[in-house]
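Below, all heavy atoms of this structure are taken into account, side chains as well, without hydrogens, waters or symmetry copies. Throughout, numbering of the chain's residues begins at 1 and tracks the sequence. When a ligand or atom number is given, it counts from 1 through the structure's own listing order.
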Amino acid sequence: MAESLRHPFLQGLSKHRGAPPTAVVIFGASGDLTARKLIPAVYNLSYDNLLPADFYLVGYGRKPIPDDEFRKLAGDAIKEFSRRELNEGVWSRVAANTTYVAGGYDDPEAFKRLAEHIDQIEKRIGRDLQVLFYISTPPSVFAPILQNLGRSGLAGKHLGQAHHAKVVIEKPFGKDLKTAQELNTTIRSVFSEHQVYRIDHYLGKETVQDLLVQRFANSIFEPLWNRNFIDSVQITVAEEVGVGTRGGYYEQSGALRDMIQNHTMQLLALTAMEPPVSLDAEAMRDEKVKVLKAIQPLRVGEGGDVARAQYSAGMIGGKNVQGYLQEEGINPQSATETYAAIRLSINNWRWQGVPFYLRSGKRMARRVSEIAIQFKRPPGTLFAEGDRFHLAANTLAFQIQPDEGLNLVLNGKVPGLETRTQPVKMNFRYSTTFGSNTPEAYERLVLDAMIGDGTLFIRGDEAETSWALYTPVLEAWAAAGRQGMDAYPAGSWGPASADQLLAASKHEWRHP
Ligand code: BG6
């Protein structure tokens, strides 16, 4: 029996989540993301029988690549990056319907050729296809691609029918509020919002979706999920990797744009939002936007709400690594932060007075993403802190990655003839309960976009609300240059200035 049939989650999935006949067109087909994530996602969907019988993959890029060569590149990408080994039978089904169109992103003639290419497929098979345009290029060509999709008529393909054209847009979605608004304006001049799928791959992660299930499918959390019981919340997205070969991109980005504004804010929105009236895309995204709008403006400078730093030389996994300013492609005077920490206040009934701390950095002590909810300490009447009674604040931590799971710190009695207390941990591990064969974020997101479910994608106003919060910070940092830039040794938990951010309210960063 095929592995997929034994997998409890995938059994029956296709019955409920069938995608219509589809052509996926990838712009940026010879790029890194296509090889690492998109092709393996398509392959694994095929493996699990989640692709429609009529499925076509069309690569589009500036470089002329013959169809055969593109199929070979795709096969190599699966061998290198897929979570499952390449199975020739599975791959050949997709490969047989995989083609490539070469053309510029600002060349209307090339888009006409693309339109003809898709028409020909439809004529040959004698049916209409929904077309999913996946824009996986550098952001400088997002606008020309969108405009050409409009001019060529491709954006309006089969509009008004059940399955019409859709567009998936990769990050970065703008670099500040103004550019995000401009991008939204371009998108809306060509597509309706319901055709648009803005990616934040964190929403495709299993554990991020589990956060919603834990919050809203259990009755024990909701009564406690507010300012009366919660002391503070810490959201960490720490990486061990440095900038590697992405220096050119990273110099223009930095931790705030690359991770905080998008990924950690999504984690925050799901943690702090009110229960939506349903799981449909609009209900969910309405609640996310509401909570994002309740966040107070951030103060920058002395005693403010933000800290930034660059990694200096240090040790990762027992090996010496160089500092950010010595990395390839980095300006030795760079004012780009590789770490950012934020203290947020949400001004609504549920959260007023509860600090939310966010941090993300490269070259940190451990690769770990988690959301930790710290509850208020118990009154120390019976078990006052001392020699015999060691008490921790109850903490519920969602382990997003690695070691996906959930743990809860409680206080318990140490076995023995006198009463001593000690914090104990209850652990739920995904891999232990469900096995470790979890789909990758991109599999879920590509499938959802094909089906037309926008729940796990960012709505235009959501992206703008998040940028509105961070743009003043980015502007202040740009004006200050390197002034106020802290440093932390590679392999550490971040800079002193980030510790000070928490010290004001007597909190400390976790070392998960
Ligand atoms: C990307 C960032 O969005 O997310 C990268 O551009 C970062 O800099 C990556 O490394 C982290 O994603 P994940 O899924 O490995 O946590």
Side-chain angles (χ1 to χ4, degrees), residues 28 31-38 40-41 44 81-83 134-140 142 168-175 180 197-211 235-268 270 308-311 316 321 324 327-330 334 336-340 358-371 398-405 430 438-446 456-458 463 466-467 470 490 512:
D32 208 40
L33 186 83
T34 304
R36 282 175 186 274
K37 301 291 181 191
L38 303 184
N44 281 294
F81 300 115
S82 164
R83 68 185 165 97
Y134 198 117
I135 306 185
S136 166
T137 61
S140 55
F142 286 1
V168 179
I169 301 177
E170 261 299 333
K171 61 169 287 209
F173 194 84
K175 59 186 174 67
Y197 297 80
R198 295 174 193 76
I199 286 250
D200 183 315
H201 78 278
Y202 266 59
L203 290 178
K205 291 184 190 276
E206 281 289 335
T207 33
V208 175
Q209 293 156 47
D210 186 49
L211 176 60
I235 301 181
T236 301
V237 179
E239 297 185 283
E240 275 184 30
V241 291
V243 287
T245 53
R246 297 168 75 219
Y249 154 77
Y250 201 80
E251 274 286 87
Q252 305 304 315
S253 174
L256 198 72
R257 289 190 170 98
D258 190 45
M259 303 294 277
I260 298 274
Q261 180 276 336
N262 42 22
H263 305 325
T264 60
M265 286 304 277
Q266 284 302 317
L267 301 183
L268 171 114
L270 296 177
R308 60 176 173 146
Q310 291 172 336
Y311 59 83
I316 295 276
V321 296
Y324 179 63
E327 299 268 25
E328 185 192 321
I330 304 301
S334 171
T336 300
E337 78 288 352
T338 61
Y339 173 100
L358 273 50
R359 66 178 160 167
S360 180
K362 301 248 180 238
R363 286 284 191 235
M364 292 186 64
R366 241 194 100 203
R367 174 175 179 252
V368 56
S369 298
E370 65 152 33
I371 301 166
F398 294 88
Q399 235 45 73
I400 308 293
Q401 62 190 22
D403 308 330
E404 288 81 355
Y430 262 69
T438 2
E440 280 244 352
Y442 276 90
E443 295 169 38
R444 173 71 192 254
L445 296 175
V446 170
L456 301 177
F457 295 84
I458 314 290
S466 183
W467 277 122
Y470 288 108

Scan side-chain atoms only and decide if Glu251 and Tyr324 contain a donor-acceptor pair under the 3.5 Å cut-off.
->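 Looking only at side-chain atoms, Tyr324 and Glu251 do form a donor-acceptor pair, the distance falling under 3.5 Å.
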Tyr442 and Asn44: side chain donor to acceptor below 3.5 Å =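 Not at all, the side chains of Tyr442 and Asn44 share no donor-acceptor pair under 3.5 Å.
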For [atom], what's the nearest protein heavy atom and its distance?
{"atom": "atom 7 (C) of ligand 1", "result": "Glu239 OE2, 3.3 Å"}
{"atom": "atom 15 (O) of ligand 1", "result": "Arg367 NH2, 4.1 Å"}
{"atom": "atom 12 (O) of ligand 1", "result": "His201 NE2, 3.2 Å"}

Begin from the C-alpha positions of His263 and His201 and carry the test side chain to side chain contact (heavy atoms under 4.5 Å, CB included) through to its verdict.
-> CA-CA 8 Å; His263 305 325; His201 78 278; 3.7 Å; yes
Using heavy-atom distances, let me know which of Val241, Val237, Asp258 sits nearest atom 6 (O) of ligand 1.
->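 Checking each option, the heavy atom nearest atom 6 (O) of ligand 1 is found in Asp258.
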Numbered atoms and elements of ligand 1 in range of [X], under 4.0 angstrom, heavy atoms:
{"X": "Lys205", "result": "13 (P), 14 (O), 16 (O)"}
{"X": "Lys171", "result": "1 (C), 2 (C), 3 (O), 6 (O)"}
{"X": "Lys362", "result": "5 (C), 7 (C), 8 (O), 10 (O)"}
{"X": "Gln401", "result": "13 (P), 16 (O)"}

Output yes when a side-chain donor or acceptor of Ser360 lies under 3.5 Å from a complementary backbone atom of Val237, and no otherwise.
->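 Between the backbone of Val237 and the side chain of Ser360 there is a qualifying donor-acceptor contact (under 3.5 Å).
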Under the side chain to side chain contact (heavy atoms under 4.5 Å, CB included) rule, what do Tyr339 and Met259 come out as? Steps first, then yes or no, please.
-> CA-CA 9 Å; Tyr339 173 100; Met259 303 294 277; over 6 Å; no
Picking from Lys205, Glu206, Lys37, what satisfies side chain to side chain contact (heavy atoms under 4.5 Å, CB included) with Glu440?
->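 Testing Glu440 for a side chain to side chain contact (heavy atoms under 4.5 Å, CB included) against Lys205, Glu206, Lys37 leaves exactly one candidate, Lys37.
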Identify the two heavy atoms, one from Ala340 and one from Ala255, that lie closest to each other, and give their separation to 0.1 Å.
->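 So the two residues come closest at N-CB, 3.9 Å.
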Please confirm whether Tyr202 comes under 4.0 Å of ligand 1, counting heavy atoms of the residue only.
->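 Distance cut 4.0 Å: Tyr202 passes for ligand 1.
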